[in-house]
Each structure stands twice: as C-alpha cells, then as structure tokens.
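In this chain, residues are counted from 1 in sequence order. All values below were derived from every heavy atom in this structure, side-chain atoms included, with hydrogens, water molecules and symmetry-related copies excluded.
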Amino acid sequence: QVQLVESGGGLVQPGDSLRLSCAASGRTFSSYAMGWFRQAPEKEREFVAAISRSGIIKSYVDPVNGPFTISRDNAKNTVYLQMDRLKPEDTAVYYCAAAAAAFASRIYNRLNDYDYWGQGTQVTVSS
C-alpha cells in the first residue's frame, strides 16, 4: 500500500514557475515508477510526465517537454514536477501516481498502468 500526498500548487501568472512535490508513504518507494497527470475542468485526466524507478528514464507529453522536468529523490520518498514558463492552458488539478514496476527502467504513460493516486493539487495560471 502506498499513500501519495501532493503539494506545491497555487495561483501564478503566465511565465511563472512552480514545483510540485509528491510525498509517498512506505519503505518501497523505489519499487515504483512514478507519474504526473492533470485534469482540467470538463476534460479527461491526461498524462504529463513519468519517471522510472531509477530516475534515469523520463517521458513527457509533447506540450510540456522542455518547460517541465520530473525528478525523484528515493531517499526522501518524493517525486517532483518542476514547471517553468507556465501557460494558462496548464491550469488543472495535478495528480501524482505510482505504478509497481518490475524493472528499474520501466515507465508508464497510461492511467490504467498506475496502482495508487494522490488527491491532487490545483494549479491555476492566470493574469
């Protein structure tokens, strides 16, 4: 069982930066590939970024590839999403998720691949 708690969301202006954090409970954090998803009002939840157990392999959805950076600190049981050059279209509730991964290099970008979800943190980009 893994519990995930996101933090770091807020209201920012276009062009600003935010860093989201996701703290995981338990001693097996390094056994999970991690991902970030987001859900805008009246839209489906979508993949944003993923990172392997080792932290070496990363994947991003095209619109955020460059401005966003996913990372993890296995010693702190935490995954991060650094978001730079934010745009109004980045406004959404951001969720982190954990997927049990047998291989250190495996990553996942589908909702159904993930076993555990956080409660979400709101990010609003508006002038």
### Interatomic distance, Asn77 atom CG to Cys22 atom SG [nearest 0.5 angstrom]
10.0 Å

### Task
Starting at OG of Ser25, measure out to CG of Leu4 and round the result to the nearest 0.5 Å.
7.0 Å

### Message
Checking side-chain polar atoms at under 3.5 Å, does Ser126 have a donor or acceptor matched by the opposite partner on Thr124?
### Response
no

Please tabulate, one pair per line, all N/O donor-acceptor pairs under 3.5 Å involving side-chain atoms of residues 93-108, not counting sequence neighbours.
residue	atom	partner	partner atom	Å
Tyr94	OH	Arg38	NH1	3.0
Tyr94	OH	Asp90	O	2.6

### Query
What closest approach, in Å, do Thr78 and Lys76 show between heavy atoms, and which atom pair accounts for it?
OG1-O, 2.8 Å

### For Pro67 against Val64, the heavy-atom pair lying closest together
CD-O, 3.2 Å

### Query
Quick one: OH on Tyr60 to CG on Asn109, what's the gap to the nearest 0.5 Å?
13.5 Å

### Query
Has the side chain of Gln39 got a donor or acceptor atom that lies under 3.5 Å from a matching backbone atom of Ala92?
no

### Task
Check whether any side-chain heavy atom of Leu111 lies under 4.5 Å from a side-chain heavy atom of Glu44, and answer yes or no.
no

### Message
If we check side-chain contact (heavy atoms from CB on, under 4.5 Å) with Met83, which of these qualifies: Val125, Val123, Val12?
### Response
Val123

### Message
Within this structure, what is the CZ-CH2 distance for the pair Phe47 and Trp36, rounded to the nearest 0.5 Å?
### Response
13.0 Å

#### Entry: Minimum heavy-atom distance between Ala33 and Tyr114, given as atom pair plus value
O-CE2, 4.1 Å

### Derivation and outcome, side-chain contact (heavy atoms from CB on, under 4.5 Å), residues Tyr116 and Tyr32
CA-CA 10 Å; Tyr116 302 100; Tyr32 292 87; 3.8 Å; yes

### Query
Shared ILVMFWY cluster between Val61 and Val79, side chains joined below 4.5 angstrom?
yes

Ignoring hydrogens and angles, write down the donor-acceptor pairs under 3.5 Å from the side chains of residues 13-21, residues two or more places apart or on other chains.
residue	atom	partner	partner atom	Å
Asp16	OD2	Gln13	N	3.1
Ser17	OG	Asp84	OD1	2.8

### Message
Quick one, Thr69 and Tyr80 - any side-chain contact, counting heavy atoms below 4.5 Å?
### Response
no

### Task
Hey, could you give me the CG/CE distance between Leu81 and Met34, rounded to the nearest 0.5 Å?
11.5 Å

### Message
I'd like to know whether Thr91 forms a side-chain contact (heavy atoms from CB on, under 4.5 Å) with Gln122, so could you lay out the CA-CA distance, the side-chain angles of the two residues, the decisive distance to 0.1 Å, and finally the verdict.
### Response
CA-CA 8 Å; Thr91 295; Gln122 176 70 48; 4.0 Å; yes

### Query
Is there a side-chain contact between Trp117 and Arg45, using heavy atoms and a 4.5 Å cut-off?
yes

### Message
Quick check on Gln3: does its CD atom have over 12 non-hydrogen neighbours (other residues, nucleotides or ligands) under 6.0 Å away?
### Response
no

